[in-house]
Amino acid sequence: MKKISATTVIKRAIILTATLTCLIATVFGQTKTGYAQVNGIKMYYEIHGAGKPIVLLHGAFNTINMAFAQLIPELSKNRKVIAVELQGHGRTQDIDRPFSFESMADDVAALLKFLKTDSADIFGYSMGGGVAQQIAIRHPEAVRRLIITSSVYKYEGWSPETRAILPMLTPEMFEPTPIKQEYDKLAPDPKHWKEFINKMKKFVTTSYDFGADKIKAIRSPTLIIIGDGDGVLPEHAVDMYRLRGGSYMIDFGPIHAAQLAILPGTSHISAMMQTQWLLSMVVPFLDASLQQAKQ
């Protein structure tokens with residue numbers, strides 16, 4: 001594979017975060033904000049709207065606004081949107097605990113209990129998609145329907161190019177970006193910045209595999225969304241789709257538990273900017289009466 005220079009990576013990162021600025025610029029009204037003490041951390045959350053609850057889980061280095069500023073105003077028209085900031089991100093403090101999908105999943109499950117919410121639909125983007133899958137694995141009773149966007153169940157599901165770039169991340173690379181600006185503005189301890197980035201770098205470069213058997217055993221109907229230019233390999237998304245029950249022609253059987261969408265001309269970051277496409281898929285998926293397929 002062609003070697004990618006550090007300079008090229010930095011330029012790509014700046015372009016990426018410039019794109020994120022479009023999301024940050026969108027401001028939405030907040031119904032309720034608060035903190036919950038869960039598993040040793042003080043977790044920040046927001047609640048918008050009313051109706052059936054849906055939990056939104058952001059990606060790595062993101063905040064609620066950076067990931068979901070476009071979706072929250074629309075989803076909250078008919079639903080109770082619970083958006084959280086995961087360990088070390090945004091207004092949620094970091095603690096002396098490694099980042100892991102499992103521990104963050106336990107945090108979200110504990111938050112739902114704190115909010116007296118027995119179950120909810122779960123929407124996870126990128127890193128949040130891994131957390132969402134672990135909630136479905138570890139706390140199946142808490143998950144009604146599952147939406148996994150631009151995420152994988154094993155490290156090899158990321159493209160080789162993506163895996164090659166991640167080890168090059170440095171705190172300095174993020175200095176001129178909105179990611180650093182948001183951290184300085186929101187983090188409980190802005191001085192934790194370099195430790196946060198280095199700790200996250202270790203997390204995003206560590207190989208993992210949730211297990212095909214565990215993905216197959218998830219009980220919740222699942223919508224899988226990626227971009228055709230995503231960091232997620234299309235064949236991995238299809239693998240997830242098959243594991244979740246996407247295995248037959250639904251003209252000759254009930255709608256199965258899995259749905260798959262590959263958005264054209266869409267990257268890992270721009271997937272969250274395709275607001276109308278996402279709504280056209282997410283809302284019918286949440287509203288439909290889906291049957292669990294025979295696995």
Side-chain angles (χ1 to χ4, degrees), residues 38-39 55-60 84 86-87 97-113 119-164 166-167 199-227 230-248 256-262 268 271 285 290-295:
V38 295
N39 301 329
V55 177
L56 305 184
L57 304 176
H58 60 75
V84 308
L86 299 165
Q87 178 186 342
R97 181 186 76 179
F99 290 119
S100 78
F101 295 108
E102 293 82 0
S103 62
M104 287 189 277
D106 292 347
D107 294 341
V108 176
L111 174 67
L112 288 176
K113 290 181 179 178
S119 66
D121 299 315
I122 309 290
F123 183 125
Y125 164 64
S126 192
M127 179 187 77
V131 176
Q133 291 174 75
Q134 281 296 331
I135 298 172
I137 291 168
R138 298 166 69 85
H139 307 277
E141 73 288 346
V143 183
R144 294 180 62 251
R145 300 170 194 250
L146 193 60
I147 301 169
I148 306 299
T149 303
S150 295
S151 192
V152 300
Y153 77 85
K154 60 182 177 181
Y155 196 61
E156 288 70 23
W158 298 109
S159 69
E161 294 80 7
T162 301
R163 283 179 274 139
L166 294 175
K199 189 174 174 181
M200 279 295 296
K201 177 180 176 179
K202 181 177 180 180
F203 176 46
V204 300
T205 56
T206 300
S207 182
Y208 62 91
D209 187 340
F210 298 160
D213 57 336
K214 292 183 179 178
I215 299 302
K216 186 175 182 179
I218 289 173
R219 300 201 301 257
S220 305
T222 306
L223 171 61
I224 300 160
I225 304 172
I226 67 163
D230 211 311
V232 177
L233 292 168
E235 52 267 39
H236 181 75
V238 173
D239 180 33
M240 293 175 67
Y241 173 64
R242 297 301 187 205
L243 288 171
R244 295 298 309 117
S247 59
Y248 56 82
H256 44 59
Q259 295 183 23
L260 171 64
I262 301 180
H268 186 70
F285 171 74
L290 296 178
Q291 278 186 281
Q292 178 70 38
K294 294 181 179 179
Q295 301 286 326

Report yes if the side chains of Ile148 and Thr222 come closer than 4.5 Å at any heavy-atom pair, otherwise no. yes
Nearest 0.5 Å, what's the CG-CZ distance between Leu260 and Arg244? 13.0 Å
Just verifying a value: how many Å separate Ile135 CD1 and Glu141 CD, rounded to the nearest 0.5 Å? 10.5 Å
Any side-chain heavy-atom pair of Ile122 and Leu57 under 4.5 Å: yes
Can you check side chain to side chain contact (heavy atoms under 4.5 Å, CB included) on Arg97 and Asp107, steps first, answer last? CA-CA 12 Å; Arg97 181 186 76 179; Asp107 294 341; 2.6 Å; yes
For Ala120 and Leu112, which heavy atoms make the closest approach, and how far apart are they? CB-CD2, 4.5 Å
What is the distance from atom CD of Gln87 to atom CG of Asn39, rounded to the nearest 0.5 Å? 10.0 Å
Atom NZ of Lys201 with >12 non-hydrogen neighbours under 6.0 angstrom: yes
Flag side-chain contact, heavy atom, 4.5 Å: Pro221 against Gln259: no
Contacts of type side chain to side chain donor-acceptor pair (under 3.5 Å), residue Arg163, not counting sequence neighbours: none
For the NZ atom of Lys214 and the CZ atom of Arg138, what is their distance to the nearest 0.5 Å? 8.0 Å
Closest non-hydrogen atom pair, Pro234 against Ile226: CA-CD1, 3.8 Å
Minimum heavy-atom distance Ser151-Val232, with the two atoms named: N-CG2, 3.6 Å
So Val108 and Leu86, do their side chains get closer than 4.5 Å, heavy atoms only? yes
Only counting residues at least two apart or in another chain, list the ones meeting side chain to side chain donor-acceptor pair (under 3.5 Å) with His236. none
Exercise: identify the closest heavy-atom pair between Leu233 and Pro160: CD2-CD, 4.3 Å
A side-chain contact here means heavy atoms from C-beta on lying under 4.5 Å apart; do Tyr153 and Asp209 qualify? yes
Considering residues at least two apart in sequence or located in another chain, which fulfil the ring-ring contact (aromatic ring centres under 6.0 Å, His included) criterion with Phe101? Phe203, Tyr208, Phe210
Taking all heavy atoms of Ala132 and all of Leu146, pick out the closest pair and write down the distance. O-CD1, 3.6 Å
Is there a side chain to side chain contact (heavy atoms under 4.5 Å, CB included) between Ser103 and Gln134 once you walk through the steps? CA-CA 9 Å; Ser103 62; Gln134 281 296 331; over 6 Å; no
Can you sort out the partners of Thr162 under side chain to side chain donor-acceptor pair (under 3.5 Å), two or more places apart, ordered by chain and number? Ser159
To the nearest 0.5 Å, atom CD of Gln133 lies from atom CD1 of Ile224 at 8.0 Å
Applying side chain to side chain donor-acceptor pair (under 3.5 Å), name anything that partners Lys202, two or more places apart in sequence or on another chain. none
Look only at the side chain of Ser119 and the backbone of Arg144, and say whether a donor-acceptor pair between them is shorter than 3.5 Å. no
Within-4.5 Å side-chain heavy-atom neighbours: Asp239 and Glu235: no
Out of curiosity, Thr206 OG1 to Tyr155 OH, how far, rounded to the nearest 0.5 Å? 7.5 Å
Could you walk me through whether His268 and Tyr125 pass side chain to side chain contact (heavy atoms under 4.5 Å, CB included), step by step? CA-CA 10 Å; His268 186 70; Tyr125 164 64; 3.7 Å; yes
Minimum heavy-atom separation for Pro140 to Arg219, with atom names? CB-NH2, 3.7 Å
Can you list every pair that meets ring pair (Phe, Tyr, Trp, His ring centres under 6.0 Å) and has a residue in residues 126-145, with sequence neighbours left out? none
